[in-house]
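In this text, all values refer to a predicted model and were calculated from it rather than measured experimentally. Chain letters run A, B, ... following the sequence lines, proteins first and then strands; every chain starts at 1.
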Amino acid sequence: MSKKIASIRGMNDILPEQSALWQWLESRVKNVLASYGYQEIRMPVVEHTELFKRSIGEVTDIVEKEMYTFDDRNGDSLTLRPEGTASCVRACEQHGLLFNQVQRLWYLGPMFRHERPQAGRYRQFHQIGVETFGMDGPDIDAEVILLTARLWRELGLSGRVRLELNSLGSSEDRARYRDALVVYLSAHEDRLDEDSKRRLARNPLRVLDAKDAGTREVLKDAPLLTEYLSDDAREHFEGLRAILDRAGVEYQINPALVRGLDYYGKTVFEWITDDLGAQGTVCAGGRYDGLVEQLGGRSTPAVGFAMGIERLILLLEQQMPELPTPADIYVVSVAENGAEKITALMLAESLRDTLAGIRVQCHCGGGGLKAQMKKADRSGARFTLILGEDEIAAKTVSVKDMRGIIEQQQVAQAALADWLAAHFVSGEVNG
RNA sequence: GUGGCUGUAGCUCAGUUGGCAGAGCUCCGGAUUGUGAUUCCGGCGGUCGUGGGUUCAAGCCCCAUCAGCCACCCCA
């Protein structure tokens with residue numbers, strides 16, 4: 001026997017048993033997005049490496065050590081997308097979707113980061129992302145957050161996630177603050193833990209959420225980001241808070257909330273759960289007014305977020321919503337071939353023609369009636385249709401209610417669709 | 001990239017101080033002819049993650065490697 005080939009580390013198959021939940025999640029999310037008038041955009045999974053370097057930031061971990069980058073046959077450096085925002089901006093810009101107009105978009109798909117796999121973190125993972133363009137007021141920030149709040153209600157996760165909020169100010173505000181912070185922290189560098197020293201050099205704002213006690217002590221007297229906010233940024237943030245308060249969305253201001261990607265400014269937010277171990281962030285986003293220009297377009301305000309589908313699935317698995325089984329009707333016939341089998345297949349076909357939305361599974365392959373009944377049971381079907389010699393001769397079919405509520409009976413084949421429709425539609429059966 | 005724990009049947013796991021590889025579930029078949037989820041009986045199924053080493057003998061001890069889980073880093 002030759003050696004078996006396994007999937008790539010951190011890149012998982014989603015098996016039928018799980019895909020039902022994925023589909024349930026995706027359809028609910030899509031409904032909510034549609035209810036806000038958002039439209040889908042689909043981008044390629046591979047882009048020029050340069051796109052991510054310019055958007056995410058050269059010195060971020062993502063770009064420095066987590067990207068799947070390779071040379072195309074013509075020598076171009078290509079990268080499997082580590083996130084969707086850059087691609088989305090590129091696509092919109094490339095097709096003129098941003099000039100003098102407003103866009104509300106969403107996408108769904110796999111992202112790739114070469115990290116060590118862990119609960120809720122994989123090398124190929126899936127995000128549902130939302131990006132809006134052309135709106136600079138706090139109203140759109142609020143809309144996007146209200147949308148996510150509705151999502152949690154729709155998924156039954158409201159009680160398990162909390163919202164954290166912060167404002168990073170404009171990019172100039174942030175730059176001034178960063179300088180002040182670096183000056184302060186450098187003066188106390190000897191009291192910082194190793195991680196924070198490294199961050200100080202690479203991404204100073206991230207020192208803010210250090211866990212080390214000594215570092216926290218130093219941070220007590222550090223300059224505050226809020227003191228560096230421009231009036232514009234401050235008003236924007238207060239405007240957003242006013243809307244959220246009015247809408248009854250609860251949140252916590254977290255001054256240490258600093259998104260890892262370089263392009264964020266002003267509003268940043270995260271939805272966090274405590275039920276997933278170390279990977280608590282389930283949805284994160286914010287405003288990135290500078291990114292479009294940074295990628296060569298005209299200055300365009302933008303707000304967006306992304307949520308990790310695997311993490312949401314992990315949460316949902318803990319509370320399993322009732323999921324549909326594969327079939328509503330299972331068709332069984334006593335002979336593996338011959339008249340019964342042909343009639344069974346034809347009957348199933350005609351039911352699919354007539355009964356829209358009803359799922360009919362026809363038994364194929366061998367097995368006695370007993371075995372076939374067992375399969376019928378496993379399929380979750382409400383009714384099993386039995387075709388044997390007697391039924392063929394009489395042009396009928398025996399209909400068995402697998403829940404035993406309706407007595408088994410013979411129904412004329414010609415009247416079968418109506419019989420089933422009546423029982424499914426009447427509401428006495430919920431398929 | 002760093003550290004800790006774990007890899008035995010399709011799945012969940014047991015396996016004594018090294019001495020011929022086990023259970024439950026699933027699957028398949030049977031318990032009077034054409035009727036499922038319960039019950040009873042039987043059967044299929046493993047080079048013990050992989051590669052080396054120690055030993056008369058390795059699932060068990062040693063080394064390496066791969067994978068999974070958990071945490072750090074980072075992030076959805």
Side-chain angles (χ1 to χ4, degrees), chain A residues 1 3-12 15 17 56 59-67 82-85 108-130 148 161 193-196 198-199 202-203 206 209-212 258-261 270-273 276-285 304-315 325 330 332-335 340 363 365-392 398-404 408 410:
Chain A
M1 192 174 72
K3 206 170 184 180
K4 285 182 183 170
I5 298 173
S7 64
I8 306 299
R9 181 155 138 90
M11 304 202 182
N12 302 122
L15 304 176
E17 162 183 19
I56 297 169
V59 298
T60 56
D61 276 24
I62 293 181
V63 170
E64 278 191 342
K65 51 183 212 191
E66 293 177 0
M67 295 206 302
E83 57 114 36
T85 302
L108 176 162
M111 307 293 163
F112 303 85
R113 291 183 201 170
H114 191 107
E115 299 180 280
R116 192 82 169 256
Q118 191 179 328
R121 181 213 281 168
Y122 310 98
R123 289 185 174 177
Q124 173 173 333
F125 61 104
H126 297 77
Q127 286 187 332
I128 297 174
V130 162
T148 53
V161 291
D193 62 290
E194 287 308 310
D195 270 348
S196 296
R198 227 188 53 246
R199 287 164 165 173
R202 293 168 46 90
N203 195 345
R206 293 214 58 94
D209 60 354
K211 288 158 192 161
D212 179 75
V258 180
R259 308 279 315 115
L261 287 64
E270 264 183 39
W271 287 94
I272 300 169
T273 177
L276 246 40
Q279 261 59 51
T281 301
V282 124
C283 170
F305 68 83
M307 46 197 198
I309 301 184
E310 279 83 355
R311 292 183 186 178
L312 293 173
I313 290 287
L314 285 173
L315 281 179
T325 48
Y330 197 92
V332 141
S333 57
V334 283
E340 289 96 339
H363 185 90
L369 185 62
K370 192 187 184 78
Q372 294 190 42
M373 290 304 294
K374 206 168 187 174
K375 293 271 168 58
D377 184 46
R378 298 285 150 86
S379 76
R382 175 65 196 273
F383 294 109
T384 299
L385 308 182
I386 303 162
L387 279 160
E389 287 176 24
D390 298 348
E391 286 85 352
I392 297 291
S398 289
V399 182
K400 172 159 181 155
D401 176 7
M402 300 303 275
R403 286 186 218 160
Q408 177 169 329
Q410 288 207 14

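- Atom pair Q408(A):CD and G36(B):P shows a separation of 11 Å (rounding to whole Å applied).
- The side chain of R206(A) lies closest to C74(B) when the candidates are C74(B), U35(B), A67(B).
- Candidate nucleotides G34(B), C74(B), C72(B) were compared by shortest atom distance to the side chain of R199(A), and C74(B) ranks first.
- Summarising the geometry, the separation between CD on Q279(A) and C1' on C72(B) is reported as 10 Å, rounded to the nearest angstrom.
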query = Just the dot-bracket of RNA chain B, please: which string comes out with Watson-Crick or G-U pairs under 3.5 Å, [ ] for crossing, | for another strand?
reply = (((((((..((((.....[..)))).(((((.......))))).....(((((..]....))))))))))))....

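- If you check every strand for non-hydrogen atoms under 4.0 Å, D195(A) touches sugar and phosphate atoms only.
- The CD1 atom of I313(A) sits 13 Å away from the C1' atom of A76(B) (whole-angstrom rounding).
- When rounded to the nearest whole Å, the span between CD of Q118(A) and C1' of C72(B) equals 8 Å.
- Computed from coordinates, the F125(A) CZ to C74(B) C1' distance equals 11 Å when rounded to whole Å.
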What are the atom names and distances for every N/O pair under 3.5 Å that joins the protein to nucleotides 2-10 of chain B?
{"unit_1": "U2(B)", "atom_1": "O4", "unit_2": "R116(A)", "atom_2": "NH1", "d": "2.8"}

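- Atom-to-atom, CZ of R123(A) to C1' of C66(B) comes out at 12 Å; the value is rounded to the nearest Å.
- Rounded to an integer number of Å, the gap from CG of L369(A) to P of G36(B) is 8 Å.
- Using a 4.0 Å heavy-atom cutoff across all strands shown, G277(A) reaches sugar-phosphate atoms only and no base atom.
- For the C1' atoms, the distance linking U54(B) with G29(B) amounts to 47 Å, nearest Å.
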